[in-house]
Amino acid sequence: MVSLCAGAAVAADPASRFQPTFIDWSGFYAGVQGSAGASFGNYDFGPTSIGSRRIPTIRTGDATGGRDLGREATTVVGGAFAGWNWQTGPFVYGLEADIVGSNLKRGARSNEQGFGYEDIDPPFAMIREKTDLFGSARARVGYAFDNNLIYATLGLTGANGRVLATYPDLTGGAAATASREVSYFGFTLGAGVQFAIDPHLSLGLDYRYSDLGESRRFGLGVLPGIDGGPVTTRTGFVSNQMMARLIWHPEALALAPEAEAEAPKDARFSLHGQTTFVNQGVTGFRSPYRGPQSLVPDQAQATTTATLFLGFKLLEGTEIYYNPEFSQGFGLSRTLGIAGFVNGEAQKAGAPFPKLRSNRYFVRQTFGLGGETEEVPDGPNSIAGTRDVERITVVAGKFALGDYFDGNIYAHDPRVDFMNWGLWASGAYDFPANLPGFTQGVMVEYNRAEFAIRAAYTQVPKEPSSDVLDPRVFERAGATVEFEERHTLPGLDQPGRLRLGLFSNVGNTANFRQVVALTQTGAFPDIDSAVLATRAPRRKSGAYLNLEQALTADLGLFARASVNDGRNQSLSFTDIDGSVSGGLSLKGTAWGRPQDTVGIGASANRISPSHRAYFDNGGLGLLLGDGRLNYAPERAVEVYYALNLTKAVTVSFDYQHVENPGYNRDRGPADFLGTRLHADF
């Protein structure tokens with residue numbers, strides 16, 4: 001383990017530049033692992049019996065990532081592990097054992113959640129379970145490339161649990177409680193990735209699915225006031241865990257060279273990947289009341305994505321791309337409660353388990369118009385080659401509008417720069433998209449050295465925040481047009497770009513003024529009923545202005561302003577009718593870290609008067625809904641430091657401060673702390 005594997009050594013002749021390299025992961029390793037809010041479990045209680053009476057199974061749902069009896073259920077998981085690897089060429093085999101402590105818990109009120117206890121008099125008031133210790137022994141099989149290792153794992157796992165039941169006494173006495181210790185034993189399987197950042201250290205992400213089986217049947221005392229005999233039940237438990245890892249290798253790893261081999265000037269294929277893990281928490285803040293879509297204080301959550309970028313050149317100028325992506329986790333409060341949400345990786349389509357989606361599949365046709373040419377680098381959704389600077393490009397298929405519109409090199413990618421939705425995008429730009437942020441349609445661009453004009457016509461969701469795109473593209477669709485001007489700032493000789501975008505969407509939405517009037521006159525029992533009854537094809541239009549400007553070789557400035565008409569519900573992005581944002585991005589050259597980046601930005605968001613009345617009358621938006629509203633503009637500040645550990649691995653530390661979350665003067669201010677691990681392949 002003191003040198004690169006012989007078959008992977010970098011040779012002097014040019015042909016060897018394109019041969020894969022890999023390091024030898026053989027030998028002992030140990031480390032620590034953990035996360036906050038990235039572990040999810042499902043408990044099943046039942047069948048439960050009161051004497052001879054059998055009651056249906058209780059399914060409590062996710063043990064974290066949701067509101068548990070009025071509070072956000074946040075899980076903290078952490079522990080240690082050790083193992084041994086053997087390696088043959090790029091193939092790695094190993095054994096590993098670990099022990100993990102957690103506060104994984106979940107409860108359910110049977111008489112409030114509709115779990116089938118309503119016919120029991122009295123019903124259980126509450127039944128809940130907590131698991132605080134996991135352990136496993138697993139085999140691993142992996143593949144090494146460059147300084148990375150990807151692996152699959154399978155083995156045995158066990159956990160403890162404690163079940164607590166609380167129920168009233170019909171005789172008028174105090175509520176009775178009963179608790180029992182239970183144990184589980186089952187199997188676990190999963191996958192992970194490691195990135196060597198030092199001869200003795202590597203970072204990793206490890207996902208585990210564990211089916212821990214069922215406990216033995218056990219008693220929970222006697223239900224007071226009922227002559228039915230003892231209460232007995234059985235519990236079952238499965239879990240999904242995503243943990244970040246820091247791994248120590250006593251025998252030094254020989255890292256592959258950081259310098260990349262020269263990429264081919266013309267290629268037929270492109271293969272790249274990325275993974276991003278965000279752990280984020282919010283401290284306590286003033287919260288005198290909560291609605292169904294409020295931000296909840298004192299919690300932590302985590303999100304993970306992993307993407308493959310596959311490209312193939314069919315003909316000169318004709319390319320096809322496919323991007324499968326796994327995502328897992330939830331934003332704070334299930335990505336609710338803040339218009340300019342604080343985690344750009346938090347999808348509204350969150351899941352407690354890794355969910356596979358085909359997020360992009362499209363054809364790109366480029367028509368060169370002659371004249372000057374430019375090199376095309378190899379990269380995600382980019383195949384190395386050359387193209388005419390003056391060209392027409394047509395893209396058809398499934399993609400994200402943010403791939404082509406509202407771009408900004410300083411604030412546009414929440415995987416590496418700002419994470420706040422009001423900073424990495426124009427907040428009032430309601431770009432058509434499904435819940436993860438993608439749509440289907442056509443984009444056309446005309447490009448010259450001095451400017452570009454692009455336009456897109458795409459599907460919209462069938463209704464606000466729907467994951468289903470509306471197929472009636474001639475009746476309901478979205479159109480965006482953008483003009484991009486490129487310049488060099490006089491006196492500084494630094495490049496800059498100014499983008500002006502216009503958009504107009506037609507979707508199945510409700511009108512704010514109409515639903516408020518109908519609710520206040522009593523035509524409907526509540527505002528949600530008025531919304532559902534009055535949705536119809538309606539238009540939402542707006543504009544954005546987007547500036548990026550280099551001030552020096554290391555310092556850049558960005559600014560955005562956006563607005564929409566604010567009359568009807570938004571379809572896809574967030575509850576913002578007007579937004580301004582801006583900030584600075586600085587490379588770390590001055591302190592000897594040229595690949596590091598520090599960023600500071602601020603944003604201010606607002607909504608229209610009719611939109612305010614809608615929330616004040618209990619309406620629910622895409623992300624917001626406190627039940628009432630004491631309006632004030634939502635303001636946010638974000639500061640991050642992106643620490644480049646290797647050419648492919650970056651760890652970021654992020655702080656955000658939000659005033660009036662959800663435009664509500666009665667709530668906040670709220671402070672958010674986050675860490676982000678990002679790796680490119």
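In this text, all values refer to a predicted model and were calculated from it rather than measured experimentally. Just so it is clear, the values below take in all heavy atoms, side chains as well, and ignore hydrogens, waters and symmetry mates.
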What donor-acceptor contacts under 3.5 angstrom involve side-chain atoms of residues 456-464, with partners at least two apart or in another chain?
from : atom 1 : to   : atom 2 : distance (Å)
Y457 : OH     : V473 : O      : 2.4
Q459 : OE1    : Q440 : NE2    : 2.7
Q459 : NE2    : D470 : O      : 2.9

Interatomic distance, [X] atom [atom1] to [Y] atom [atom2] [nearest 0.5 angstrom]:
X	Y	atom1	atom2	result
F573	K348	CZ	NZ	8.0 Å
L673	Y655	CG	OH	7.5 Å
E634	D575	CD	CG	9.5 Å
D430	I576	CG	CD1	10.5 Å
N564	S608	CG	OG	8.0 Å
L623	S465	CG	OG	7.0 Å

Q. Under the 3.5 angstrom rule, does the side chain of Q280 hit a backbone N or O of F672 as a donor-acceptor pair?
A. no
(Q) Looking at N508, is its backbone amide N or carbonyl O close enough to the side chain of R476 to form a donor-acceptor pair, meaning the two atoms are under 3.5 Å apart? (A) no
Between [Y] and [X], do the side chains contain a donor N or O and an acceptor N or O under 3.5 Å apart?
X	Y	result
S581	S603	no
S333	Q299	yes
N664	Y289	yes
D417	Y640	no
T307	N359	no

Q.
What verdict does the side-chain contact (heavy atoms from CB on, under 4.5 Å) test give for N546 and E482, after you've listed the backbone C-alpha separation in whole Å, the side-chain angles of each residue and the deciding distance to 0.1 Å?
A. CA-CA 10 Å; N546 177 334; E482 181 181 274; over 6 Å; no
Is the closest side-chain heavy-atom distance between [X] and [Y] below 4.5 Å?
X	Y	result
Q301	V282	no
I607	F615	yes
D616	R612	no
L502	F483	no

Q: Show the numbers, then the answer: is there a side chain to side chain donor-acceptor pair (under 3.5 Å) between D654 and Q656?
A: CA-CA 7 Å; D654 186 88; Q656 298 180 53; 3.0 Å; yes
(Q) Is there a side-chain contact (heavy atoms from CB on, under 4.5 Å) between R538 and N511? Walk through the geometry before answering. (A) CA-CA 8 Å; R538 290 187 171 90; N511 178 270; 3.7 Å; yes
Q) Looking at N617 and I527, what are the two nearest heavy atoms and their distance? A) O-CG2, 3.8 Å
Q: Starting from the C-alpha separation in whole Å, work towards a yes-or-no answer on side chain to side chain donor-acceptor pair (under 3.5 Å) for Q569 and R535.
A: CA-CA 9 Å; Q569 289 178 297; R535 276 182 178 159; 3.3 Å; yes
**Q.** Test side chain to side chain donor-acceptor pair (under 3.5 Å) applied to T305 and E345, step by step
**A.** CA-CA 8 Å; T305 61; E345 280 284 87; 2.6 Å; yes
Q: Applying salt bridge (charged side-chain N to carboxylate O under 4.0 Å, His left out), name anything that partners R162, two or more places apart in sequence or on another chain.
A: E181
**Q.** side chain to side chain contact (heavy atoms under 4.5 Å, CB included) partners for A604, two or more places apart
**A.** V580, R635
Is the shortest side-chain N to carboxylate O distance from [X] to [Y] below 4.0 Å?
X	Y	value
D626	R667	yes
D666	R628	no
R560	D406	yes

Q.
Apply ring-ring contact (aromatic ring centres under 6.0 Å, His included) to residues F418 and F558 and explain how you reach the verdict.
A. CA-CA 12 Å; F418 293 96; F558 70 93; 5.2 Å; yes
Q: Step by step, work out the side-chain contact (heavy atoms from CB on, under 4.5 Å) result for T439 and F431.
A: CA-CA 9 Å; T439 185; F431 54 84; over 6 Å; no
Q: Assess R454 against Y404: is NZ or CZ under 6.0 Å from the centre of the six-membered ring, and within 45 degrees of the ring's axis?
A: no
Q.
For R539 and S504: C-alpha separation, side-chain torsions, deciding distance, then whether side chain to side chain donor-acceptor pair (under 3.5 Å) applies.
A. CA-CA 7 Å; R539 185 175 297 277; S504 186; 2.7 Å; yes
Q) Aromatic rings F512 and H611: how do their planes relate, parallel, tilted or perpendicular, breaks at 30° and 60°? A) parallel
Q: Assess whether atom CZ of R513 is packed by more than 12 heavy atoms of other residues, nucleotides or ligands within 6.0 Å.
A: no
Q: Take Y429 and W421 through the ring-ring contact (aromatic ring centres under 6.0 Å, His included) test and state the conclusion after the steps.
A: CA-CA 11 Å; Y429 173 27; W421 291 21; over 10 Å; no
